[in-house]
Amino acid sequence: MPLAQALAQQSSQARKPLFIGINGCQGSGKSTLATLLTTVLAGQYHKKVAKLSIDDFYLTKAERQQLAKDIHPLFLTRGVPGTHDMRLLNKTLDSLASTDTTAIPRFNKAIDDRAASDHWDSMAAAADIIILEGWCVGVTPQTEETLFVPVNDLESNEDAEGLWRNTINTAISQDYLPLFTKIDKLIMLKAPSFDCVYHWRKKQEDKLRAKTDSANSTTLMDDAALTRFIQHYQRLSEHLLSTLAHTADLVFELNIQHQIVSQYGNID
């Protein structure tokens, strides 16, 4: 509640939408925090809030298939920098700062593709506050020396020459960093370690499985597939855990049960 109050006060003093970023490993509670803040800011402080997830701006499945063909097979898997439609994200953010009606894309993870436009949300006026949550929000490029050494079996066996991870790093520098530097306040949900991601992500997968018609989904993962899947994110997740906690405006440190055990920084 103090966080929502501080954001509302800053929004009232701003001449443009207050741009909030929320970072955290997969399953850390980013979308829950974003939803809670949106509810309080809209209900108690009467702010027009646009809640976005970077997950909703993935390239389409066909576009990622083309990336996999043209650059590297690992780009078929959504999630890493380079698999998002950054042009669409920037266009959406610009529209949310205007008085026009803004269509907000949605991605259907059950079918691993962008939802049809008639399933998108919309906002009929300029936003007072924009919240963007995502596991790689706020990420910075790595050094060439760091990229040289594989961090797991996926990189060792499927990206031995480092093309995939170097392309990701270039995308961060060229397409993601310019956007992230526009964030007014960055909040981090800091996991104890990357080891938590498997357990947290498995809970997400179980929830998705429970509400998905298995006959209409081809992307729900068993344990082996999930283990391989999260290796796509290990490098940057560990990079974020070691770097972003020092630069984020507000950090909530979590334990494995998602409880906040400490916090530091401020958004004043």
Side-chain angles (χ1 to χ4, degrees), residues 21-28 30-31 34 51-92 104-117 119-121 132-139 151-155 158-159 163-172 174-176 179-180 194 197-198 200-209 211-212 216-240:
I22 300 178
N23 170 275
C25 293
Q26 291 184 342
S28 60
K30 301 180 298 299
S31 61
K51 179 171 67 72
L52 309 178
S53 170
I54 200 168
D55 289 359
D56 283 318
F57 291 87
Y58 288 132
L59 295 169
T60 65
K61 191 171 188 177
E63 289 169 330
R64 285 182 284 114
Q65 287 172 335
Q66 193 64 45
L67 273 181
K69 179 180 177 181
D70 294 342
I71 301 177
H72 195 287
L74 286 176
F75 279 113
L76 181 60
T77 299
R78 66 178 191 265
V80 298
T83 63
H84 300 91
D85 190 335
M86 297 303 287
R87 181 178 299 180
L88 178 60
L89 176 53
N90 279 289
K91 179 181 177 181
T92 303
I104 301 176
R106 295 303 178 206
F107 192 89
N108 187 339
K109 292 183 178 180
I111 62 172
D112 195 25
D113 210 348
R114 188 176 297 163
S117 58
H119 286 83
W120 293 11
D121 293 334
L132 176 65
E133 59 91 359
W135 78 276
C136 64
V137 168
V139 72
V151 299
N152 54 34
D153 290 342
L154 181 80
E155 292 189 357
E158 302 183 48
D159 188 39
L163 175 61
W164 176 66
R165 52 190 185 267
N166 274 278
T167 303
I168 291 171
N169 208 50
T170 299
I172 293 172
Q174 295 181 351
D175 302 323
Y176 291 70
L179 172 61
F180 295 155
F194 181 74
V197 174
Y198 173 82
W200 290 351
R201 186 62 179 80
K202 189 175 187 302
K203 288 183 179 180
Q204 290 182 325
E205 198 70 15
D206 291 342
K207 288 181 181 179
L208 184 61
R209 182 178 289 104
K211 66 180 182 181
T212 300
N216 295 324
S217 176
T218 60
T219 60
L220 294 176
M221 293 176 283
D222 59 19
D223 289 350
L226 179 58
T227 298
R228 179 182 179 276
F229 180 70
I230 65 172
Q231 287 188 23
H232 290 77
Y233 313 108
Q234 181 175 350
R235 168 177 293 279
L236 290 182
S237 294
E238 292 179 340
H239 173 57
L240 283 158

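Predicted model, so just to flag it, every value in this text is computed and none were measured.
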Item checked: For E158, all residues meeting salt bridge (Lys or Arg N to Asp or Glu O under 4.0 Å), sequence neighbours excluded -> R228
Notebook entry, point to check: Between Y176 (side chain) and G82 (backbone), is there a donor-acceptor pair under 3.5 Å?
Noted result: yes
Next item on the list: Find out whether R235 and I168 are in side-chain contact, i.e. whether some heavy atom of one side chain is under 4.5 Å from a heavy atom of the other.
Entry: no
Next item on the list: Might you work through the ring pair (Phe, Tyr, Trp, His ring centres under 6.0 Å) test for F229 and Y233, ending with a clear yes or no?
Entry: CA-CA 8 Å; F229 180 70; Y233 313 108; 5.1 Å; yes
Next item on the list: Look only at the side chain of N23 and the backbone of V137, and say whether a donor-acceptor pair between them is shorter than 3.5 Å.
Entry: yes
Checklist line | Qualifying residues under ring pair (Phe, Tyr, Trp, His ring centres under 6.0 Å), relative to F57, sequence neighbours excluded | finding: none
Checklist line | Test item: N169 side-chain N/O and R165 main-chain N/O as donor-acceptor pair under 3.5 Å | finding: no
Check: Taking D56 for the side chain and F107 for the main chain, is one N or O donor matched with an acceptor at less than 3.5 Å?
Finding: yes
Next item on the list: Report yes if the side chains of W120 and R114 come closer than 4.5 Å at any heavy-atom pair, otherwise no.
Entry: yes
Note to self: Checking D113 now: which residues fulfil salt bridge (Lys or Arg N to Asp or Glu O under 4.0 Å) with it, not counting sequence neighbours?
What the structure shows: none
Checklist line | Main-chain N/O of E155 paired with N152 side-chain donor or acceptor, under 3.5 Å | finding: yes
Checklist line | N166 side-chain N/O to T170 backbone N/O, donor-acceptor pair under 3.5 Å | finding: no
